[in-house]
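Below is one structure, written out as structure tokens, with a few remarks after it.
Predicted, not measured: the structure shown is a model, and the values here were computed from it.
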Amino acid sequence: MTPKVEKIHKIAGWVIAGLLTALYLFSASGKLFLHPEQMEQMNLGDWRIIIALGEITSALLYLFPKTNRFGTLLLSSYMGGAIIIHMTGGMSIIMPSAILILVWVGFYLRTPDFFKIK
């Protein structure tokens with residue numbers, strides 16, 4: 001890979017990571033402050049604070065390079081749970097699935113060495 005392509009991958013990875021982190025932080029703030037009733041509708045009202053704190057922690061772990069592996073795994077688990085909730089609630093799984101794919105694309109662009117076979 002040429003240095004120019006590598007630089008573009010890094011920049012794209014950081015843009016994706018920044019946007020996803022902002023998305024997760026906004027989502028967590030909604031659970032905590034803006035729309036807690038949405039969690040009640042999904043019968044998760046008792047868990048909304050724990051879910052929001054997990055979302056914040058996972059997003060921050062994903063953002064920072066030293067911990068992005070852990071953040072990727074945690075966000076993957078979180079999005080897997082979101083997909084299941086959407087499926088059982090009769091909602092579309094397109095959005096949580098697309099976000100899950102973006103989590104992994106961002107991880108790959110920022111840490112391509114992780115996927116190399118040695």
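Under the 3.5 Å distance criterion, the side-chain polar atoms of S27 are left unmatched by any main-chain donor or acceptor of L23.
For the residue pair R110 and G13, the shortest heavy atom distance occurs at CD-O, 3.3 Å. Of all the heavy atoms in K31 and E55, the pair that sits closest is NZ-OE1, 3.2 Å. In terms of heavy-atom proximity, V105 sits nearest to I16 at CG1-CD1, 4.0 Å.
M87 and M95 fall within the same hydrophobic cluster, defined by Ile, Leu, Val, Met, Phe, Trp and Tyr side-chain heavy atoms under 4.5 Å apart, directly or through other members. With hydrophobic clusters built from ILVMFWY side chains whose heavy atoms lie under 4.5 angstrom apart, L61 does not share a cluster with L100. Residues L75 and F70 are members of separate hydrophobic clusters, defined by side-chain heavy-atom contacts under 4.5 angstrom among Ile, Leu, Val, Met, Phe, Trp and Tyr. Under the 4.5 Å side-chain heavy-atom criterion for Ile, Leu, Val, Met, Phe, Trp and Tyr, I50 and I84 are members of the same hydrophobic cluster. Under the 4.5 Å side-chain heavy-atom criterion for Ile, Leu, Val, Met, Phe, Trp and Tyr, I8 and L102 are members of distinct hydrophobic clusters.
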Exercise. For L32 and I56, run side chain to side chain contact (heavy atoms under 4.5 Å, CB included): C-alpha distance rounded to whole Å, both residues' side-chain angles, the deciding distance at 0.1 Å, then the answer.
Key: CA-CA 11 Å; L32 291 172; I56 292 166; 4.3 Å; yes

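Proximity of L74 to Y62: side-chain heavy atoms (C-beta onward) are nowhere separated by under 4.5 Å. Side-chain contact check for Y24 versus V103: some heavy-atom pair is nearer than 4.5 Å.
Of the residues listed (I101, I85, I83), the one engaging P96 in a side-chain contact (heavy atoms from CB on, under 4.5 Å) is I83, and it is the only one. Each of L19, L63, L109 was compared with W14 under the side-chain contact (heavy atoms from CB on, under 4.5 Å) criterion, and only L63 meets it.
Sorted by first and then second residue, the ring pair (Phe, Tyr, Trp, His ring centres under 6.0 Å) pairs involving residues 82-106 (not counting sequence neighbours) are W104-F107.
Summarising the local packing, CE of M91 is surrounded by more than 12 heavy atoms from other residues, nucleotides or ligands at distances under 6.0 Å.
Taking NZ of K10 as the reference point, atom OG1 of T111 lies at 7.0 Å (rounded to 0.5 Å).
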